[in-house]
Chemist: 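Got a structure for you, written out below as structure tokens; questions coming shortly.
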Amino acid sequence: MILLSYFYVIPFMAETVAKRIPQEYEIELGSNLFSQVIASYQVDSTQSALANSFFKELKVNQDYPVKIYVVHSDISNAFAFPGGNIVVHDKLLKAIDSKEEFAALLSHEYSHVAFRHTTRSLFRNLGTYLVVSLLLTDVNGIMAVLLQNADNLKSLSYSRALEEEADTKGLELLLD
């Protein structure tokens, strides 16, 4: 019964809660996590302004207030926070050869925001900790896990299904 709960019940409940969290709470959660993570980077304000202008030109029908931050990094990566903040590493930006590739990257990352992939992944990760913390009445454990997950966003790996959905929906955004 414990294994059944661990593999099926907890993920299902976490996914259900994540999908029902009000958008304003998701934006607030994302802002709090973002402020903790962005402090470890040097933001390129010029490149960030250009990236934000470019995203606006795409005229993506968006439900979230998107803000793009280009940061200095030796890692080629990009990731999205709940609620609309997107971080693009300048090494990845330098590897992009065309406006179309950059549009595809931003559409992909925005799809993670729009379809709540980051929120859903966080809640799935927190689901087990939440149940254990509640059983042990350890509320501090829940807060510690939230703070730990903030830094993990930089390397958050989505499931193949969520990545495929972001690719598909990102392409649809570009075609609209």
Side-chain angles (χ1 to χ4, degrees), residues 10-38 41 43-45 47-71 73 75-90 92-93 95-96 98-127 130 145-146 149-176:
I10 293 172
F12 174 77
M13 290 181 69
E15 185 88 9
T16 301
V17 170
K19 286 181 178 178
R20 292 189 177 164
I21 189 170
Q23 186 176 0
E24 56 271 8
Y25 292 132
E26 182 182 19
I27 292 169
E28 184 178 340
L29 170 67
S31 292
N32 290 334
L33 294 173
F34 172 78
S35 65
Q36 293 173 20
V37 172
I38 201 66
Y41 288 108
V43 176
D44 184 328
S45 56
Q47 292 289 345
S48 296
L50 291 170
N52 281 289
S53 293
F54 181 75
F55 186 75
K56 285 180 183 158
E57 286 180 29
L58 295 176
K59 295 183 172 64
V60 172
N61 185 12
Q62 59 195 58
D63 296 327
Y64 290 89
V66 174
K67 186 137 189 211
I68 300 158
Y69 297 83
V70 177
V71 298
S73 178
I75 300 168
S76 186
N77 194 19
F79 52 94
F81 286 86
N85 289 317
I86 296 171
V87 175
V88 178
H89 292 208
D90 62 351
L92 177 60
L93 198 56
I96 292 175
S98 67
K99 293 188 299 188
E100 291 80 11
E101 284 182 13
F102 190 46
L105 170 71
L106 294 179
S107 297
H108 174 92
E109 291 304 326
Y110 178 70
S111 291
H112 283 308
V113 173
F115 294 96
R116 299 178 135 186
H117 292 167
T118 311
T119 304
R120 290 162 52 194
S121 293
L122 282 172
F123 273 74
R124 281 179 156 247
N125 290 342
L126 292 172
L130 179 64
V145 170
L146 270 174
N149 274 289
D151 197 48
N152 291 341
L153 280 174
K154 293 186 273 187
S155 61
L156 184 65
S157 60
Y158 298 106
S159 70
R160 288 182 193 260
L162 293 182
E163 285 296 340
E164 186 176 315
E165 182 179 38
D167 287 341
T168 303
K169 297 300 183 180
L171 179 60
E172 288 174 10
L173 288 173
L174 290 174
L175 296 175
D176 284 345

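No hydrogens, no waters, no symmetry mates; every other heavy atom, side chains included, goes into these values.
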Chemist: Do the non-hydrogen side-chain atoms of Ile96 and Leu105 ever get within less than 4.5 Å of each other?
Modeler: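 Ile96 vs Leu105: side chains touch.
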
Chemist: Check whether any side-chain heavy atom of Phe34 sits under 4.5 Å from a side-chain heavy atom of Val37, and report yes or no.
Modeler: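 Answer no - side chains too far apart.
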
Chemist: Which residues pass the side chain to side chain donor-acceptor pair (under 3.5 Å) test with Glu15, sequence neighbours left out?
Modeler: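 For Glu15, the residues satisfying side chain to side chain donor-acceptor pair (under 3.5 Å) (neighbours in sequence not counted) are Arg120, Arg124.
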
Chemist: Angle between ring planes, His117 versus His112, binned at 30° and 60°: parallel, tilted or perpendicular?
Modeler: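 Correct class here is perpendicular.
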
Chemist: Could you walk me through whether Val66 and Val113 satisfy the side chain to side chain contact (heavy atoms under 4.5 Å, CB included) test, starting with their C-alpha distance in whole Å, then the side-chain angles of each, then the deciding distance to 0.1 Å, before giving a yes or no?
Modeler: CA-CA 9 Å; Val66 174; Val113 173; 5.5 Å; no

Chemist: Test of understanding: with side chain to side chain contact (heavy atoms under 4.5 Å, CB included), list the residues that count as partners of Leu171, not counting sequence neighbours.
Modeler: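 With neighbours one apart ignored, the set is Leu175.
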
Chemist: Show your reasoning for whether side chain to side chain contact (heavy atoms under 4.5 Å, CB included) applies to Ile86 and Lys67.
Modeler: CA-CA 6 Å; Ile86 296 171; Lys67 186 137 189 211; over 6 Å; no

Chemist: In chain order, what residues pass the side chain to side chain contact (heavy atoms under 4.5 Å, CB included) check against Ser98, with sequence neighbours excluded?
Modeler: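 Glu100, Glu101.
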
Chemist: Only counting residues at least two apart or in another chain, list the ones meeting side chain to side chain contact (heavy atoms under 4.5 Å, CB included) with Ser76.
Modeler: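 For Ser76, the residues satisfying side chain to side chain contact (heavy atoms under 4.5 Å, CB included) (neighbours in sequence not counted) are Lys91, Leu92.
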
Chemist: With distance as the sole test, does Asp90 use its side chain to make a donor-acceptor pair with the main-chain N or O of Leu93 at under 3.5 Å?
Modeler: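 Not confirmed, Asp90 side chain does not pair with Leu93 backbone.
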
Chemist: Would you please name every residue forming a side chain to side chain contact (heavy atoms under 4.5 Å, CB included) with Glu172, sequence neighbours left out?
Modeler: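 Thr168, Lys169.
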
Chemist: Going by heavy atoms in the side chains, are Ser48 and Ile68 under 4.5 Å from each other?
Modeler: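 Not in contact.
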
Chemist: State whether the side chain of Thr118 and the backbone N or O of Phe81 hold a donor-acceptor pair below 3.5 Å, judged by distance alone.
Modeler: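 Pair absent, no side-chain N/O of Thr118 close to backbone of Phe81.
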
Chemist: Over 60° means perpendicular and under 30° means parallel, so classify the ring planes of Tyr41 and Phe79, tilted if in between.
Modeler: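 Tilted.
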
Chemist: Pairs under 3.5 angstrom only: tabulate donor-acceptor contacts from the side chains of residues 16-26 to other protein residues two or more places apart or in another chain.
Modeler:
from: Thr16; atom 1: OG1; to: Phe12; atom 2: O; distance (Å): 2.8
from: Gln23; atom 1: NE2; to: Asp63; atom 2: O; distance (Å): 2.3
from: Glu26; atom 1: OE1; to: Tyr64; atom 2: OH; distance (Å): 2.6
from: Glu26; atom 1: OE1; to: Arg116; atom 2: NE; distance (Å): 2.7
from: Glu26; atom 1: OE1; to: Arg116; atom 2: NH2; distance (Å): 3.0
from: Glu26; atom 1: OE2; to: Thr119; atom 2: OG1; distance (Å): 2.5

